[in-house]
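Contents: one structure, followed by commentary.
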Protein chains: 2
Amino acid sequence: MDGIGNYIKRKRAELNLTQEKLALKAGVGLRFLRELEQGKSTLRMDKVNQVLQLFGQELGPVPINRNVPE
Amino acid sequence: MDGIGNYIKRKRAELNLTQEKLALKAGVGLRFLRELEQGKSTLRMDKVNQVLQLFGQELGPVPINRNVPE
DNA sequence: CATATCTATACCCGTTTGGGTATAAAAATA
DNA sequence: TATTTTTATACCCAAACGGGTATAGATATG
């Protein structure tokens with residue numbers, strides 16, 4: 001239920017953006033955004049941060065088994 | 001003052017571990033751990049998570065300009 | 001059903017990571 | 001100061017990322 005991928009997915013849905021448009025806004029490739037939403041774990045932090053910044057968020061250490069912020 | 005690198009550094013100091021020993025415990029290379037503590041932004045999420053797990057933490061979206069958890 | 005839109009998976013390939021190692025610098029200790 | 005420990009920087013190279021693209025599947029809309 002949690003995970004960064006689903007977080008991005010939810011945020012993107014809130015803004016009614018397609019993967020293509022979000023990738024464009026974030027400056028990442030479409031393929032990357034898809035792998036991100038699907039929970040690929042080996043992605044580069046800087047690229048993930050490019051997407052998170054659009055939502056005022058960034059990668060940081062959080063307790064395992066936390067609840068994802070709204 | 002914040003940043004994942006400094007977070008790791010602080011946690012490592014709390015346990016009185018050298019970079020070498022922490023890298024070994026985390027199962028990552030020594031060079032990687034050093035780049036991590038020095039704030040390199042292009043590292044892979046899975047490797048960073050291997051280190052964070054030793055402190056019960058993992059990468060997740062957090063608000064920009066937050067305070068790092070103790 | 002037909003059409004358009006969005007998403008998922010696979011391929012090619014240049015660039016970069018990350019491990020290991022070696023060397024140097026810095027810090028701690030006697 | 002001398003010695004040891006710890007940390008920082010540079011090199012080599014296999015492996016993987018990430019962009020682009022093509023294709024197929026899924027979903028929505030008329």
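Predicted model only: the values in this text are computed from it and were never measured. Residue numbers start from 1 in every chain, and the chains themselves are labelled A, B, ... in the order their sequence lines are given, proteins ahead of strands.
- A donor-acceptor contact shorter than 3.5 Å links the side chain of B:N49 to the backbone of B:L59.
- One finds a salt bridge joining B:E14 and B:K11 here, because a Lys/Arg side-chain nitrogen approaches an Asp/Glu carboxylate oxygen to under 4.0 Å.
- Dashed line: the shortest gap from a side-chain N or O of B:Q19 to OP1 or OP2 of D:dA8 is under 4.0 Å.
- For the pair A:L15 and A:F55, the tightest heavy-atom approach, listed with the atom from each and the gap, is CD1-CE2, 3.8 Å.
- If you take CD of A:E20 and P of D:dA22, they are 13 Å apart, rounded to a whole angstrom.
- A:Q53 and A:E58 share no donor-acceptor pair across their side chains, judged by distance under 3.5 Å alone.
- What you find for A:L52 and B:P61 is that their closest heavy atoms are CD2-CB, 4.0 Å.
- Minimum interatomic distance between B:Y7 and B:Q57 (heavy atoms only, all atoms of both residues): OH-CG, 2.9 Å.
- The distance from atom CG of A:N16 to atom P of C:dT5 is 16 Å, rounded to the nearest whole Å.
- Atom-to-atom, CG of A:L33 to C1' of C:dC6 comes out at 13 Å; the value is rounded to the nearest Å.
- Remark: side-chain polar atoms of A:R12 are paired, donor with acceptor, to backbone N or O of A:L17 under 3.5 angstrom.
- The NZ atom of B:K9 sits 9 Å away from the C1' atom of D:dT7 (whole-angstrom rounding).
- Rounded to an integer number of Å, the gap from CZ of B:R12 to P of D:dT5 is 17 Å.
- The distance between atom CD of B:Q50 and atom C1' of C:dG19, rounded to the nearest whole Å, is 12 Å.
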Quick tally for nucleotides 20-30 of chain C: nucleotides whose base has a protein heavy atom under 4.0 Å get B, sugar-phosphate-only ones S, the rest -, giving B----------
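- Atom NZ in A:K40 sits 10.0 Å away from atom CG in B:D46 (nearest 0.5 Å).
- For the contact set between residues 35-48 of chain B and DNA chain C, defined by any heavy atom under 4.0 Å, the members are B:K40, B:T42, B:L43, B:R44, B:K47.
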